[in-house]
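Have a look at the structure below, then the notes.
All ligand and atom numbering here is 1-based and tracks the order in the structure. A quick note: this is a predicted structure, and the numbers were derived from the prediction, not measured. Every heavy atom of this structure was used, including side-chain atoms; hydrogens, water molecules and symmetry mates were not. Along the sequence shown, residues are numbered consecutively beginning with 1.
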Amino acid sequence: MHLSRREMMLQTGAVSLGALASPWLGSWQPVGADEDDVPIQSPRVARFERMGFGMFLHWGLYSQIGRGEWAKHFQKLPTDEYMQLMKTFTAKDFSGRALARLAKSAGMRYITLTSRHHDGFSLYDTRGLSPYDVTHTPAERDLIEDFTTGCREEGIVPMLYCTTLDWTDPRFESDWEGYQKYLRASLELLCTEYGPIGGFWFDGNWSKPNADWQTDRLYGLIRKHQPEAMIINNTGIQKGGQVGHPEIDSVTFERGRPQPIDRRGHPKYVAGEMCHTMNFHWGLATRDFNYLSPAHVIEELCSCRRAGANLLMNMGPTAEGAAPPYERAALERVGDWIEIMGGSNSAITAGRPAGIDGEERDFGLAVGDDVHLFVYDLTRTADTQAHGASRGAGPRKFTGLARPVKRATWLDNGEELKLEQSGDALTLHATKYPYGTNTVVRVARLTTG
Ligand code: GLC
């Protein structure tokens, strides 16, 4: 069923794009698009988009092996042997509050934690649904409880990753109805025992693409118990950007560049989220040295926001549940950058695409009545120090600026920049970094009026 903007607003009481957005959003719709053709955002989707940057955590028994979250599968560990890891799962250093503090200092607004991963081990008390849960470990506390309360204490929105693929529950292979009931009962616990959850992030339907995942019933539980929660389903690396079920609130781009979502003619406005990880594994992998630098994360974050998508940046906590030192330091460094660029409630999160584009990777976002221009490659980034291109200081051209611009200033040092505007085109005379600074992506604030 395709509802027009007006019909949807009447039926759902939802916020219209126009009501939420700045005057710049008028130019965001592709030229020629009928306004009636673009669905409106529901309040939960609008809130999600404004959060912009989140932390993904993969943590479980596999963290004790330190070879990634697929260790059981790739090392062909029999379930009995693997589940011995429950005996040494102490969660000694796990603190939802400490992780939420780290997320906050990284400029993130939400955390998505694996409540259970494909190995079938749950971080919460399954109340007898499964023998593989935290109550059968020396941790002796419900870690989802710790996580959700810790997040809320720090003003971070807790979200839960839920696997649908299960390597150790026999019903997954031999009793599909029983397995579906188990999935629903697990989800119902997560929906009812831990207060308001920002979203549920499903992963694993790709393992049996032709199976009946009974998603109407599964997602129905969320709509019943947690109507404000986002529903996300990871479509996997090959299928980034696909919507699938009509209840889905955000498409995913696993380790892939998000593309702007063309929402014309869609029955519902969906958000976008790219998930990426600090090295090449999601769970802790102590022999994986292939780390992203803070510069790289900053660039990824900016390119996600250019497409209007969130970035969900993953790390794998240690066997005991602490943030590993490199990831901690790198994410805090990204947080320093966000702070310089106005904090976690500014351009980088609140800014929306508005059809303002520059050359190569440069782009603009609308922030209230103003615009922020994101300027790349003033120098080489650390990752490509030896041979990467740098365009250096000088004129940078942008298009799509429908309103007169009064002033342009760098956010990092307040320096006023020369500019020329002609019609919707603008040339910004980007100056070089003052000696002693380099923000990788430099942001200029345009004051309009
Ligand atoms: C994949 C993997 C999984 C990881 C997820 C994160 O689907 O199976 O290990 O949790 O990606 O996006």
Name the closest protein heavy atom to [atom], giving the residue it belongs to and the distance to 0.1 Å.
atom	answer
atom 1 (C) of ligand 1	Glu254 OE2, 3.4 Å
atom 5 (C) of ligand 1	Asp203 OD2, 3.4 Å
atom 10 (O) of ligand 1	His58 NE2, 2.5 Å
atom 9 (O) of ligand 1	Glu69 OE2, 2.5 Å

key: Phe53 six-ring centre to Arg109 NZ/CZ under 6.0 Å and within 45° of normal   =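 Because its charged atom misses either the 6.0 Å distance or the 45° angle limit, Arg109 does not stack over Phe53.
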Could you verify whether a donor N or O on one side chain and an acceptor N or O on the other, from [X] and [Y], lie under 3.5 Å apart?
X	Y	answer
Glu69	His281	no
Tyr132	Asp119	no
Arg217	Gln180	no
Asp203	His117	no
Ser122	Asp133	no

Enumerate the atoms of ligand 1 whose separation from the nearest heavy atom of [X] is less than 4.0 angstrom.
X	result
His117	3 (C), 4 (C), 9 (O), 10 (O)
Tyr161	10 (O)
Trp206	7 (O), 8 (O)
Cys275	12 (O)
Trp70	2 (C), 3 (C), 8 (O), 9 (O)

Candidate pair Arg305 and Leu365, rule side chain to side chain contact (heavy atoms under 4.5 Å, CB included), full reasoning = CA-CA 8 Å; Arg305 298 312 282 163; Leu365 293 179; 4.1 Å; yes
key: Any N/O pair Trp201/ligand 1 closer than 3.5 Å   =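 Among all N and O atoms of Trp201, none is under 3.5 Å from an N or O of ligand 1.
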request  = Please state which part of Asn234 comes within less than 4.0 Å of ligand 1, counting heavy atoms only: side chain, backbone, both or neither.
outcome  =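 For Asn234, the contact with ligand 1 is made by the side chain alone.
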ask   = Would one find more than 12 heavy atoms of other residues, nucleotides or ligands at under 6.0 Å from atom CZ of Phe280?
value =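 No, CZ of Phe280 has 12 or fewer neighbouring heavy atoms, counting only those of other groups under 6.0 Å.
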